[in-house]
Structure formats: C-alpha cells, structure tokens
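What follows is a short report on a single structure.
Quick note: numbers below take in every heavy atom, side chains included, and nothing from hydrogens, waters or symmetry partners.
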Amino acid sequence: MSSKNGRRRRNDRRFPRGRGSVVLLAAALLSCAGSLAVVDKLKELQEHFDRANHAGAKIKDLQKLGALEFDAATQASKAGDYVAVGLIFEKYRDNVRQAFELLKKQEPDADRHPGGYRQLELEVRHGIREVEDTLLAVPEEVRPPLEIVRKDLIDMDDALIHSLFPRRTKDPVKAPPAVEAKP
C-alpha cells in the first residue's frame, strides 16, 4: 500500500516500539489490582458473613465466600505461600462450623427443614474436594494442618448426612452362637 505522499505505509498490525513494555506493565498492574480486589471482596464478604444472623443467609454467604477463598488459596499456592493456604482453609473450616452450629440451633429438625442442611452439605463437599486437591500440590511439611482441616470437614459432612438421613430402624442384634451339646 502506498499513501498520498508516495511512501509505503508501515504494517498497521505491528505493535509500535516501546508500547510492548507499557502493555506488560499495565497487565502486571491489573493482576496486582485484581488480587487486591479479591482481598477487598474477601474482607467485605467475611464481614457480611459474620453479621448474618439467619442460617439460610449465612449459608448463602458461605457459598460466595468459599468460592473466593478457594481462588485466593489457589493464587497463594501458585505463589508458593503455603502458610497462607493453610490459614485460608482453616478460616473456611471455622466459617463452616459457625454456619452449621447456627443451622442446628435455628432449625434442629432436618426432616422438616432440609434445605439449609442440603446446601451446607453440598458446600462442605466442595470444600473437601478443594482441600484434597490442594493436599496433592503442597509440600510434605505443610500437609498436617490441611489434613486436620480435611478431617474436620469430613466429620461435619458426616454429621450433616446423619441429620438429613437419620437411621429409622435399629441395627439387628446378633444372636450369640448356639452352644453345641456333647453326647
């Protein structure tokens, strides 16, 4: 292509020199700002979760908060900050425990009001999967706290399942073996 003055125009698709570093710098700033935005959103959701006084609202907040906490844990894991990963999952476990205690207090009969129990059980299952995936990636020396969190979440999951599906019949009693008479 030629322009009016007879010179060939440069390829318009090519990046002008010097702008590449500006673009890289802008991308780096956006990623930092993105992580800062995640931290601010986490703090805001945590405060909202702490203020909630109804079990249903607390569980819905936990679902949103859990997703952000799992993203933050993934970012910290990629950065090699495994202590922060452990702290994030411990905070998640504490939040689950708070929601479960409030649910048991406000709606003790899971047969009549199973919705909250089901939602919380699904969220706890998701949390268990996230912790197990993280356990595969972390070094051996930081696994014990995560294993404790995993065990606690599994215990709460078992309690939720037991609340949802209580045993209606008693276990059959085994009869002692008959004593053989000697002739």
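Heavy-atom minimum distance, L42 versus A72: CD1-CB, 3.8 Å. When all heavy atoms of E90 and P145 are compared, the closest pair comes out as OE2-CB, 3.8 Å. Taking both residues in full, the closest heavy atoms of A110 and S163 are given as CB-O, 3.2 Å, listed atom of the first, atom of the second, then distance.
Put simply, I59 and L164 are part of the same group of oily side chains (I, L, V, M, F, W, Y) that touch within less than 4.5 Å, one to the next. Criterion: ILVMFWY side-chain heavy atoms under 4.5 Å apart, direct or through other members. Under it, F89 and L68 are part of a common hydrophobic cluster. In the hydrophobic cluster analysis, where Ile, Leu, Val, Met, Phe, Trp and Tyr join through side-chain heavy atoms closer than 4.5 angstrom, L103 is grouped together with I161. Under a hydrophobic-cluster definition in which Ile, Leu, Val, Met, Phe, Trp and Tyr are linked whenever side-chain heavy atoms come within less than 4.5 Å, directly or via other members, I128 and L120 are assigned to the same cluster. Hydrophobic clustering (ILVMFWY, side-chain heavy atoms < 4.5 Å, transitive): L122 and F165 are in distinct clusters.
Atoms CE and CD, from M156 and E123 in turn, are 11.5 Å apart once rounded to the nearest 0.5 Å. Here the CZ atom belonging to R93 is positioned 10.0 Å from the CG atom belonging to L146, to the nearest 0.5 angstrom. Separation of atoms CG (L160) and CZ (R125) is listed at 10.0 Å; rounding is to 0.5 Å. To the nearest 0.5 Å, the span separating CG on D158 from CG on L153 amounts to 11.0 Å. The distance from atom CG of D152 to atom CG of D157, rounded to the nearest 0.5 Å, is 12.5 Å. The line from CD of E44 to NZ of K64 is 10.0 Å long, rounded to the nearest 0.5 Å.
Salt bridge present: K151 and D155 bring a charged side-chain N and a carboxylate O closer than 4.0 Å. A salt bridge is absent between E69 and K91; no separation between the charged side-chain nitrogens and carboxylate oxygens falls under 4.0 Å. Classification of R118 and E121 as a salt-bridged pair fails, no side-chain N sitting under 4.0 Å from a carboxylate O.
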Using the side chain to side chain donor-acceptor pair (under 3.5 Å) rule, take D81 and Q75 through it: C-alpha gap first, then chi angles, then the decisive distance, then the call. CA-CA 9 Å; D81 190 7; Q75 289 177 359; over 6 Å; no
Does Q98 form a side chain to side chain contact (heavy atoms under 4.5 Å, CB included) with D50? I'd like the steps, not just the answer. CA-CA 9 Å; Q98 273 184 338; D50 292 337; 4.0 Å; yes
Under the criterion salt bridge (Lys or Arg N to Asp or Glu O under 4.0 Å), I'd like the reasoning laid out for R143 against E140: C-alpha separation, chi angles, the key distance, then a yes or no. CA-CA 5 Å; R143 284 188 184 168; E140 189 69 34; 3.1 Å; yes
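At a threshold of 4.5 Å between non-hydrogen side-chain atoms, the residues D111 and P166 count as touching. Annotation: side chain of Y92 is not in contact with side chain of V149 (no heavy-atom distance under 4.5 Å). With contacts defined as side-chain heavy-atom distances shorter than 4.5 Å, the pair H126/F70 qualifies. For the pair L102 and H54, the minimum side-chain heavy-atom distance is 4.5 Å or more. Taking the side chain as every heavy atom from C-beta outward, L62 and Q119 never approach each other to under 4.5 Å.
Q46 and D61 share no side-chain donor-acceptor pair at under 3.5 Å.
For the pair K104 and F100, the distance from NZ or CZ to the six-membered ring centre is under 6.0 Å and the angle to the ring normal is within 45 degrees.
R97 CZ: more than 12 foreign heavy atoms inside a 6.0 Å radius.
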